[in-house]
Amino acid sequence: MKKLGFTSETRMTDKKKNIKRSNIIQLFLGIVILLLVNIIAGFVFTRIDLTAEKRYSLAPATKKMLKGLKDEILFKVYLEGDLPPGFRRLANETKEMLDEFRAYSKHIQYEFVDPSSNPNPTERNDGYKLLVERGLQPTEIHLNKKGQASQLIIFPGAIVSYGGRDVPVQLVMSQLGEADKALNNSVQSLEYNLASSIQKLTERNKPQIAFIQGQGELSQLETLDAKNALSEFYNVEGVTINHKISSLAIRLQGTSSDMLVNKYKAIIVAKPTKPFDEKDKFLIDQFIMRGGKVLWLIDPVFASMDSLQKYNSTMGLVNNINLEDMLFNYGIRLNTNLVMDKIALPIPVATGQIGGQPQFEFFPWYYFPVLTPTIAHPIVNGLNAIKTEFISSIDTVEAQGVKKTILLTTSPYSRTVNAPVYIDLEILKKPSDENQYNQGPQSVAVLLEGTFTSSFLFRLPPELADNKDLQFLSKSRKPSKMIVVGDGDIIKNQFQLTQGYPLPLGYDQYTRQTFGNKDFLLNAMNYLCDDSGLITVRSRELTLRMLDTTKIESQRFFWQILNVLLPLILILIFSFIKLRIRARRYSRPTVSSTINH
């Protein structure tokens with residue numbers, strides 16, 4: 001009996017030693033594996049993003065640009081200090097995004113600065129003025145803490161410096177409506193806004209673009225802010241075609257046939273009011289066939305607010321510019337109508353006089369629809385609402401090899417009126433008939449992508465089609481793009497009423513609101529001209545997961561108690577379970593003691 005007990009005890013001792021030896025081996029193997037993983041990671045760079053939205057994954061175009069940096073680039077971010085929760089979230093997201101940038105380039109440096117930290121009011125205000133002069137726009141926040149109202153000035157932006165140059169980056173996108181939505185859109189656009197600032201500073205040769213002139217287009221002053229905004233990315237010129245091949249193309253000398261190539265990456269046709277002749281149309285058509293991009297901003301119906309302001313009425317007449325057949329061939333039909341929308345820009349209307357002074361009230365002017373982007377396309381995703389003036393609807397038609405994307409539509413409460421149409425301010429004094437505004441959303445901006453067929457195929461005489469100087473192309477050499485908008489005024493800036501100077505594009509001086517017209521223009525041109533693919537970053541969507549503020553207030557005590565007690569209870573439960581397991585494992589009677597008993 002005792003011999004059996006001794007043998008059993010020996011076996012138990014050997015078993016414990018084996019377990020101990022196995023644990024040591026496992027620990028050793030774990031350390032070795034960990035060291036090997038770290039050594040391999042030192043040579044093979046990789047990052048794993050486990051978020052559903054790929055929040056921490058940079059676009060390939062961004063990675064390529066960051067890896068190509070040759071010198072230090074500094075982001076000075078003015079989001080520091082006692083910030084409201086929404087702006088604190090934006091600051092944290094900005095820091096995380098810059099950390100992502102830094103993971104792909106050792107040249108990325110950043111610092112966060114509180115512009116309100118200076119206790120001296122005079123010096124603090126001087127600092128504010130300096131930031132405004134450098135291009136950052138302040139945001140004034142009204143706070144209410146414990147019943148005390150206060151104001152906080154924030155500069156939600158950054159100054160990016162590289163090679164002795166710097167550019168401002170506005171991190172908060174303006175948005176009509178809820179502030180939370182605006183901040184979420186700002187977080188969605190962080191990668192693009194920060195990366196595009198690097199692109200501005202590092203790009204040595206800006207692409208050439210041109211505004212077409214000579215057919216009564218918008219004037220230099222009417223497009224002043226549009227051109228200033230575009231000049232940050234492009235060299236902007238004006239060009240009159242006037243039947244000259246050299247207006248849009250140059251010949252590559254030394255090639256076998258002196259091949260024609262485009263002078264410009266893209267052209268903009270902004271609200272022409274005179275007909276294009278066939279020769280100029282042919283040169284534009286061949287510009288497209290050679291891979292050129294076009295932004296068409298067309299008014300199919302001409303109507304003017306000047307007449308309305310003088311006579312309270314005007315006529316909307318068909319604007320014959322002789323481009324209809326050309327655009328139809330590419331896949332677009334411009335309708336000779338005006339869209340009226342219940343969601344419209346308010347305009348001031350004189351309603352009477354008091355003391356000899358006219359009194360004005362604001363009424364929504366149904367001929368000025370306000371467009372709210374609804375699709376997640378890089379051009380319009382997250383954009384602020386866009387104001388329009390006397391806009392027309394657009395239809396798409398069959399065009400082989402061309403993909404069409406509707407970028408902008410009016411609201412569901414829309415209707416169309418065909419030209420000629422009598423336009424009278426008297427409609428503001430009458431209640432609108434809801435049943436008339438039931439035609440649904442009207443398409444007003446369309447993107448066309450693909451291989452285009454020449455509008456002059458089968459129209460040129462053989463001697464011209466075979467002419468080596470013209471180098472006629474029946475199809476585009478490579479896939480191209482164009483955007484057609486049924487409003488030429490979408491890029492026109494207003495003029496200050498009393499002094500007459502141009503105002504920023506998208507700013508409405510009557511309502512004192514800034515709309516998304518400038519961003520739409522920049523995104524449209526960047527999408528047309530961007531070969532790197534950086535603009536596609538704008539299609540990313542991040543879900544805004546907001547807390548229910550009503551529940552927070554009503555259930556605050558419950559959640560506070562739960563957050564304090566639940567972890568303690570869980571720890572006690574797991575400790576009890578572990579003690580019971582250990583007790584059962586080590587209190588089992590041995591074989592020898594059972595036999596001896």
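Just the heavy atoms: all of them, side chains too, but no hydrogens, waters or symmetry mates, feed the values below.
- Between the side chain of T451 and the backbone N or O of G401, no donor-acceptor pair lies under 3.5 Å.
- Residues that satisfy the side chain to side chain contact (heavy atoms under 4.5 Å, CB included) test with K76, not counting sequence neighbours, are Y78, E111, V113.
- For the pair I298/P272, a side-chain contact is recorded, criterion being any heavy-atom separation below 4.5 Å from C-beta on.
- Contact between T94 and L79 at its shortest, heavy atoms only, is OG1-CD1, 4.5 Å.
- Between the side chains of Q137 and Q170, no donor-acceptor pair of N or O atoms lies under 3.5 Å.
- Residues D285 and F452 fail the side-chain proximity criterion, which asks for heavy atoms closer than 4.5 Å.
- Side-chain atoms of K293 do not come within 3.5 Å of backbone N or O of I483 as any donor-acceptor pair.
- Distance CG/L283 to CG/D280: 6.0 Å, rounded to 0.5 Å.
- In this structure the side chain of N526 never reaches within 4.5 angstrom of the side chain of Q199, judged on heavy atoms.
- Closest approach of F87 to P156, counting heavy atoms only: CE2-CB, 4.0 Å.
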Derivation and outcome, side chain to side chain contact (heavy atoms under 4.5 Å, CB included), residues I332 and V446 | CA-CA 8 Å; I332 286 293; V446 180; 3.8 Å; yes

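- Of the possible polar contacts, none joining the D225 side chain to the N493 backbone as a donor-acceptor pair under 3.5 Å is found.
- Within the 4.5 Å cutoff, the side chain of N517 has no heavy atoms near those of the I491 side chain.
- Across every non-hydrogen atom of S392 and V339, the tightest pair is C-CG2, 4.0 Å.
- Few gaps surround CD on Q496; more than 12 heavy atoms of other groups in view lie less than 6.0 Å from it.
- Side chain to side chain, N335 and D395 meet the donor-acceptor criterion of an N or O pair below 3.5 Å.
- The neighbour count for R512 CZ, taken as heavy atoms of other residues, nucleotides or ligands under 6.0 Å away, does not exceed 12.
- Here the side chains of P378 and Y192 are not in contact, with every heavy-atom distance at 4.5 Å or above.
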Intermediate values then yes/no, salt bridge (charged side-chain N to carboxylate O under 4.0 Å, His left out), K387 and D508 | CA-CA 9 Å; K387 69 183 183 75; D508 179 60; 5.1 Å; no

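- Counted by atom type alone, N337 and S393 present one or more donor-acceptor pairs between their side chains at under 3.5 Å.
- Of the inter-residue distances, the one linking C529 atom SG with I535 atom CD1 reads 10.5 Å to the nearest 0.5 angstrom.
- Residues E278 and N322 bring a donor and an acceptor atom of their side chains to less than 3.5 Å of each other.
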Mind running side chain to side chain contact (heavy atoms under 4.5 Å, CB included) on L323 and W296 for me, showing each step along the way?
-> CA-CA 10 Å; L323 290 175; W296 304 92; 3.8 Å; yes

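- Listed for the S196 side chain is a donor-acceptor partner under 3.5 Å among the backbone atoms of N193.
- N319 places no side-chain N or O within donor-acceptor distance of the main-chain N or O of F302, the cut-off being under 3.5 Å.
- Relative to the six-membered ring of F112, K95 misses at least one condition, a distance below 6.0 Å or an angle of at most 45° to the axis.
- In K244, the NZ atom is not crowded: 12 or fewer heavy atoms of neighbouring residues, nucleotides or ligands sit closer than 6.0 Å.
- Between the side chain of K404 and the backbone N or O of V397, at least one donor-acceptor pair lies under 3.5 Å.
- Checking Y110 against D99 by side-chain atom types alone, a donor-acceptor pair falls below 3.5 Å.
- Between I73 atom CD1 and I198 atom CD1 the span is 4.5 Å, to the nearest 0.5 Å.
- How far CG of L130 is from CD1 of I159: 8.5 Å, rounded to the nearest 0.5 Å.
- Under a cutoff of 6.0 Å and an axis angle of 45°, K481 and Y527 form a cation-pi pair.
- Here the side chain of N262 pairs no donor or acceptor atom with the backbone of Y264 at under 3.5 angstrom.
- Between I391 and D341, every side-chain heavy-atom pair lies at or beyond the 4.5 Å cut-off.
- Contact between S454 and Q286 at its shortest, heavy atoms only, is OG-NE2, 3.7 Å.
- Taking every heavy atom of both residues into account, P115 and L131 meet most closely at CB-CD1, 3.9 Å.
- Considering only heavy atoms from C-beta on, I406 comes within 4.5 Å of T396 through its side chain.
- Two residues are said to be in side-chain contact when any heavy atoms from C-beta on lie closer than 4.5 Å; M259 and Q471 meet this criterion.
- Put simply, the side chain of Q494 gets close to the backbone of Q509: a donor and an acceptor are under 3.5 Å apart.
- F282 is linked by a ring-ring contact (aromatic ring centres under 6.0 Å, His included) to F456, counting only residues two or more places apart in sequence or in another chain.
- For the atom pair I379 CD1 and T405 OG1, the distance stands at 8.5 Å (nearest 0.5 Å).
- One N or O on the side chain of T410 and one on the backbone of Q442 form a donor-acceptor pair closer than 3.5 Å.
- Interatomic distance, CG of L338 versus CG of D299, reported as 8.5 Å (0.5 Å rounding).
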When you look at K281 and D325, which way does the side chain to side chain contact (heavy atoms under 4.5 Å, CB included) test go after all the steps?
-> CA-CA 10 Å; K281 286 169 60 177; D325 58 335; 2.9 Å; yes

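- For CZ of F328, the number of neighbouring non-hydrogen atoms (other residues, nucleotides, ligands) closer than 6.0 Å is 12 at most.
- Side-chain N or O atoms of S480 include one that pairs as donor or acceptor with a backbone N or O of G292 at under 3.5 Å.
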Worked check of side chain to side chain contact (heavy atoms under 4.5 Å, CB included) between L521 and L295 | CA-CA 9 Å; L521 171 64; L295 176 59; 3.7 Å; yes

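- The two residues F520 and I386 come nearest to each other via the heavy atoms CB-CD1, 3.8 Å.
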